[in-house]
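What follows is one structure encoded as structure tokens, with my remarks underneath.
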Amino acid sequence: DAEFLKCKYAPDLVLQHLEPVEVERTEKIGICLSGWRDENMVARNIIKEIGRENIVWISLCNDANHNDVAMNENFVRVFGGEHWFGGSTEDYLKYFGRLKMLYTSRLHSMIFADIQNTPFVQVSKAKKFYDYLADQDRLHLLKDYSSSGV
């Protein structure tokens, strides 16, 4: 399928074809980090960069026992803010559309933000992020945040 569609990252093809949903923007800044490795340093660097106001930690799971949820509950205790998770694909799409900005190391959250034209900072150097943006002909969206520590 990826070859036929001339894209490099086919597993998220379904998300790539979702239509934007109209929602009202808020002042909330979303942070969506991977729960598969220690993201404490990344979280600290983001908070150092943006502060603690209007932050919301986002889990891409609706299972309260999932490691993403536990990690983000811990981030709320350490850094403040609120935690949002759960819902349908449309709920996630709407939520990402309400954000003023997103900091993420998760591909799916970047796709939701991109569909909703929500500005994002991708804090992972994983190839799949580049492949997705290349497939969408939007590699120009990437900026180098390495000097900021994020």
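Bear in mind the structure is a predicted one, so any value in this text is a computation, not a measurement.
- Shown here for Val42 and Val123, the closest heavy-atom pair between the two residues is CG1-CG2, 4.0 Å.
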Practice problem: Show your working on side chain to side chain contact (heavy atoms under 4.5 Å, CB included) between Met71 and Asn40 and close with a plain yes or no. | Solution: CA-CA 9 Å; Met71 176 189 70; Asn40 287 314; 6.0 Å; no

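- If you look at Phe85 and Trp57, their ring centroids are not closer than 6.0 Å.
- For the atom pair NE2 of His108 and NZ of Lys128, the computed distance is 7.5 Å after rounding to the nearest 0.5 Å.
- Side-chain contact between Tyr92 and Thr89: absent, with no pair of heavy atoms (C-beta onward) separated by less than 4.5 Å.
- Not one N or O on the side chain of Asp114 forms a donor-acceptor pair closer than 3.5 Å with the backbone of Ile111.
- Between Val121 and Leu102, every side-chain heavy-atom pair lies at or beyond the 4.5 Å cut-off.
- The structure places CD of Glu73 at 5.5 Å from NE2 of His83, a figure rounded to the nearest 0.5 Å.
- Contact of the Leu93 side chain with the Ile115 side chain is registered, since non-hydrogen atoms from C-beta on lie closer than 4.5 Å.
- Rounding to the nearest 0.5 Å gives a distance of 10.0 Å between NZ of Lys28 and CD1 of Ile58.
- Proximity of Val76 to Glu82: side-chain heavy atoms (C-beta onward) are nowhere separated by under 4.5 Å.
- The shortest distance between side-chain heavy atoms of Arg52 and Ile47 falls below 4.5 Å.
- In this structure, Gln116 contributes its side chain and Val21 its backbone to a donor-acceptor pair below 3.5 Å.
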Quiz prompt | Stepwise side chain to side chain contact (heavy atoms under 4.5 Å, CB included) test for Asn117 and Arg25 | solution = CA-CA 11 Å; Asn117 293 313; Arg25 290 259 187 233; 4.3 Å; yes

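- Annotation: side chain of Arg44 is in contact with side chain of Phe79 (closest heavy-atom distance under 4.5 Å).
- Judged by distance alone, with hydrogens and angles left aside, the side-chain atoms of Tyr132 form no donor-acceptor pair with the main-chain N or O of Lys127 at under 3.5 Å.
- Phe96 has its ring centre no less than 6.0 Å from the ring centre of Trp84.
- In this structure, the side chains of Thr118 and Phe112 stay at 4.5 Å or more apart for every pair of heavy atoms.
- Taking SG of Cys32 as the start and CZ of Phe120 as the end, the distance is 13.0 Å to the nearest 0.5 Å.
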Self-check item: Worked check of side chain to side chain contact (heavy atoms under 4.5 Å, CB included) between Met110 and Arg106
Solution: CA-CA 6 Å; Met110 185 184 81; Arg106 304 290 305 262; over 6 Å; no

Practice problem: Under the side chain to side chain contact (heavy atoms under 4.5 Å, CB included) rule, what do Glu53 and Ile29 come out as? Steps first, then yes or no, please. | Solution: CA-CA 8 Å; Glu53 285 192 37; Ile29 298 173; over 6 Å; no

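- In this structure, the side chains of Val56 and Leu99 come closer than 4.5 Å at one or more pairs of heavy atoms.
- Shown here for Glu39 and Ser105, the closest heavy-atom pair between the two residues is OE2-OG, 3.1 Å.
- Note that CG of Asp68 is 6.5 Å distant from SG of Cys61, once rounded to the nearest 0.5 Å.
- Here the NZ-OG1 distance, from Lys100 to Thr26, works out to 9.5 Å after rounding to the nearest 0.5 Å.
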